[in-house]
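Worksheet: the structure to be examined is printed underneath.
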Number of protein chains: 2
Amino acid sequence: MTDYNKILESAGLRPTDAREAVLGALYRIGRPASHGEVAEALKGQLDRVTIYRNLYLLEEARLAHKVQGVDGKWRFCAHDPDVVGCPGDHPHFLCLSCGKMICLLGQTLPHVDVPDGVKVQGKQLVVYGLCPECSRDRQK
Amino acid sequence: MTDYNKILESAGLRPTDAREAVLGALYRIGRPASHGEVAEALKGQLDRVTIYRNLYLLEEARLAHKVQGVDGKWRFCAHDPDVVGCPGDHPHFLCLSCGKMICLLGQTLPHVDVPDGVKVQGKQLVVYGLCPECSRDRQK
DNA sequence: TTCCTAATGCAACCGAGTTGCATTTTGAGG
DNA sequence: CCTCAAAATGCAACTCGGTTGCATTAGGAA
Ligand SMILES: [Mn+2]
Ligand SMILES: [Mn+2]
Ligand SMILES: [Zn+2]
Ligand SMILES: [Zn+2]
C-alpha cells in the first residue's frame, strides 16, 4: 500500500486529504484519467473544482502528466516519481467508444523538424480507434 | 482565382453560397483554421452553426482535414484535392500564444505499436510552443 | 495556542461545440 | 420555365468541460 502523503511531501505539496484522495485515485485507475473519471472514482467525495485544482497541481509538481484526447478532454496519469526524465514522453491511445486512454510505454515521440524561429515546448502523439473490448463488442 | 464550386461539385457537395464562402476562407487562410478564425475571416457573413456544419461536411468529403490543438479547438485545413493518399497525415505545430497552427508538411507520422486487439482509426501528432513572431515578441 | 497562508466548497460563469425546428434555397423532373 | 421534395440555412436554446471569485475551513510555523 502506497503512502501517497510521502509522495506529496517529497514533491513539495501539502499532504491534504483531498490531495491524497486524488493522487490515490490516479494510481488506482492506473491509466490516464479525465476529471470526470477521477470524480467518479471518488464518488462525490470531493467538489469537482477541488479535483480540477489538485490535478493541475499534481501535474505542475510532476507527479502526473497530462494528455488531451481527440475528444477534447484532458487525462491525467500518475507516474512513479522515481522515473528519470520527462514523463509522459510517449504516445497514447484513446478509445473513441468507451473513452479509455492507454499509455503506450516503451516508445518515444519522434523528433519533428519545425520552421526556423519556432520554439518547441512540447508535443503529443495520440493514436485513436477502438480498444480491444469495444472492438470485440462492435463485431457482434 | 480558384473555382471553389468546381471543387465542391467534384467532391459530391452542392455548391451553395455558404459552402463556397467557407471553402474559400480555408484556402485563403492557408493553414489549419478554427471555427472562430473562419467566422472572423467571413466577418459575420454566415451564421456560426452554418460554418460548423460546412466545415464538418468539407472534412467528410475529404476536401479538408482537421486537427485538434492542445487548446482543445479543432482546426480545419483545405488541401489540394489532387493530392494522393490520406491528407493530414503529417505533424502540426500550434502556437500557444497566438493560436496559429501550421502544417508540418514533408514529414510523416511514425508507426506506433499498439496492444493486441486495438483497432487504430487514426493518429495525430501536435507539436506546440511559440511561433517565430510570438517567440520574438516575448524576448523584448 | 495564535495567526497567516493555503486549500476547499459552492455558485456563477465561459466558450466551443451541438441540437431542434421553422424557413429558405437548391435542383431534379415535369 | 414551374413544382415540389430534399437539402441547407438561421436562430435560439442547450450541453459540458473547464475556469473564476469569494467566503469559509484547514494546515502548520512560530
Ligand atoms: Mn502516458
Ligand atoms: Mn495539416
Ligand atoms: Zn474502448
Ligand atoms: Zn504565435
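A note on names: the letters A, B, ... follow the listed sequences, proteins ahead of strands, and every chain is numbered from 1.
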Interatomic distance, A/Tyr56 OH vs C/dT8 P [rounded to whole Å]: 15 Å
B/Thr16 or B/Ser34: which one's nearest nucleotide on DNA chain C is closer to the 5' end? B/Ser34
Evaluate the ring planes of B/Tyr52 and B/His35, with Trp represented by its six-membered ring, and classify them as parallel (under 30°), tilted (30 to 60°) or perpendicular (over 60°). tilted
A/Asp47 CG - D/dA26 C1' separation (whole Å): 16 Å
Length of the line joining B/Leu57:CG and C/dG17:C1', which is rounded to integer Å: 15 Å
Side chain of A/Arg53, heavy atoms from C-beta onward: which of D/dC22, C/dA16, D/dT9 has the nearest atom to it? D/dC22
For the pair made of CH2 in A/Trp74 and C1' in D/dT19, what is the distance, rounded to whole Å? 15 Å
Nearest-Å distance, NE2 (A/His35) to P (D/dG18)? 5 Å
Using a 4.5 Å cut-off on heavy atoms from C-beta on, say whether the side chain of A/Pro110 contacts that of B/Leu125. yes
Rounded to the Å, how far apart are B/Leu55 CG and D/dA8 C1'? 15 Å
Heavy-atom nearest nucleotide on DNA chain D taken for A/Glu9 and for B/Ala18; more 5' hit belongs to B/Ala18
Residue pair B/Cys103 / B/Pro32, side-chain heavy-atom distance below 4.5 Å: yes
Is there a donor on the side chain of B/Arg48 or the base of C/dG17 sitting less than 3.5 Å from an acceptor on the other? yes
Answer with base, sugar-phosphate or nothing: what part of the nucleic acid does B/Arg19 contact at a heavy-atom distance below 4.0 Å? sugar-phosphate
Between the base of D/dG28 and the side chain of A/Arg14, is there a donor and acceptor pair under 3.5 angstrom? no
Spacing between B/Tyr52 atom OH and C/dG17 atom P, to the nearest angstrom: 5 Å
DNA chain C: B/Val49 or B/Asp17, which has the more 5' nearest nucleotide? B/Val49
Are A/His90 and A/Leu104 side-chain neighbours, meaning at least one heavy-atom pair lies under 4.5 Å? no
What one should report as the nearest heavy-atom pair of B/Arg75 and B/Glu37 is NH1-OE1, 4.0 Å
Spacing of A/Leu46 atom CG relative to D/dT25 atom P, expressed in whole Å: 17 Å
